[in-house]
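First up is the structure itself, then whatever we jot down about it.
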Amino acid sequence: MTIIEDTAPVPAPGGSGDAPLLEVRDLHVEFHTREGVVKAVNGVNYNVHAGETLAVLGESGSGKSVTAQAIMGILDMPPARIPQGEILFRGQDMLKMSAEERRKIRGRKIAMIFQDALSSLNPVLSVGYQLGEMFRVHQGLSKKEAKAKAVELMDRVKIPAAAARVDDFPHQFSGGMRQRIMIAMALALEPDLIIADEPTTALDVTVQAQVMDLLAELQREYNMGLILITHDLGVVADVADKIAVMYAGRIVERAPVHELYKRPAHPYTRGLLDSIPRLDQKGQELYAIKGLPPNLLRIPSGCAFNPRCPKAQDVCRTDVPPLYEVTEPDGTPLAGRNSACHFWKETIHG
Ligand SMILES: Nc1ncnc2c1ncn2[C@@H]1O[C@H](COP(=O)(O)OP(=O)(O)OP(=O)(O)O)[C@@H](O)[C@H]1O
Ligand SMILES: [Mg+2]
């Protein structure tokens, strides 16, 4: 199997001329541990197109990062196993590629930004050296050329006085600046897709917004696909095009971002929205979804959310809901909207 080059025609499923850059289909990931099999990802379906931002949202432990690690091909196997699913990059299943073919995609076509910049950067090497390494290793540039590229990238991510700071070490930068360096590192080889896993969680709220804006700006400029993983609904409203909500390793709702906020079609999404602090409701007690996320060694039968759901009925305890297509009350389809709730109609229209 060969890797499809950028210029190769992309197969168009369903006759649509606009095939996704990345498509995850029915992905399952489990971890074999001494306590048993941890079912971390249980049938994830999502896609992202060039120039599009998909936000993946969900509480801690819902499988957001494990899905991303499966896409990047950085899961340790074992203990991880992928018993089922496809991860199509430009129409080709990366799970069927050789290690060598995967390596060609990682970093060059798909890059990842992690939450904790300090532990991702090498503390004893200058920032310029680490940025330059991308160009020395992947493009065979000389030391001098690579350093010039590093300064250019630091400029791109708006690090003040980049030329003067290129020889500084990671600890000499603030948290926000370090995260900018991580973004620069991801951008270095001009990938088609960036996966950012909680890129701003470790930062102050004001710095969070700046870093998020920068990421959105660069994504537009380079027409990249962006998968933005977060558990904070507040940070994605302005930058995401669409949202996939995860619960216990499954997608429970998909929707264009503003529609999701206006009319959630899953009680879990509604719960997440109701737990965002709002300025106009100061002093009121904040809503919290009752209970805890399930133990992934023993996921509840039926809908995994049923023990916490205020709307749960008998069927929810026995039947796993499929990802239904969501429509208006008269049956008009709502494009890009799905809900894995037996009672999505009542939830969205009720
Ligand atoms: N190596 C591993 N061995 C066993 N279980 C694991 C391993 N890695 C992840 N898991 C489990 O997989 C589940 C999903 O983890 P994941 O990191 O994807 O959650 P997340 O949605 O990214 O949460 P967070 O918001 O906290 O980052 C968790 O229950 C986690 O404990
Ligand atoms: Mg995570």
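Predicted model only: the values in this text are computed from it and were never measured. Remember, it's 1-based here, ligands and their atoms both numbered in the order they're listed.
Checked for salt-bridge contact, Asp167 and Lys147 meet the test: a charged N lies under 4.0 Å from a carboxylate O.
Side-chain contact check for Glu59 and Ser62: no donor-acceptor pair (N or O, by modelled atom type) lies under 3.5 Å. For the 3.5 Å distance criterion, the side chains of Asn306 and Lys311 fail to qualify, holding no donor opposite an acceptor. Using modelled atom types, one finds no donor on one side chain facing an acceptor on the other under 3.5 Å when comparing His28 with Glu30. A donor-acceptor contact closer than 3.5 angstrom links the side chains of Thr269 and Glu253. Using a 3.5 Å distance cut-off with no hydrogens or angles, the side chains of Arg254 and Asn338 do pair a donor with an acceptor.
Enumerated by chain and number, the residues approaching ligand 1 to less than 4.0 Å through a heavy atom are Phe31, Thr33, Ala40, Glu59, Ser60, Gly61, Ser62, Gly63, Lys64, Ser65, Val66, Glu198, His231, Leu296.
The number of protein N/O/S atoms found under 2.8 Å from the Mg ion (ligand 2) is 1.
Residue pairs meeting the ring-ring contact (aromatic ring centres under 6.0 Å, His included) criterion with at least one member in residues 244-263, sequence neighbours excluded, are Tyr247-Tyr268, Tyr247-Phe305.
Partners of Lys39 by salt bridge (charged side-chain N to carboxylate O under 4.0 Å, His left out), not counting sequence neighbours: none found.
Although no hydrogens or angles enter the test, the distance criterion places no donor-acceptor pair under 3.5 Å between the side chain of Asp168 and the main chain of Phe173.
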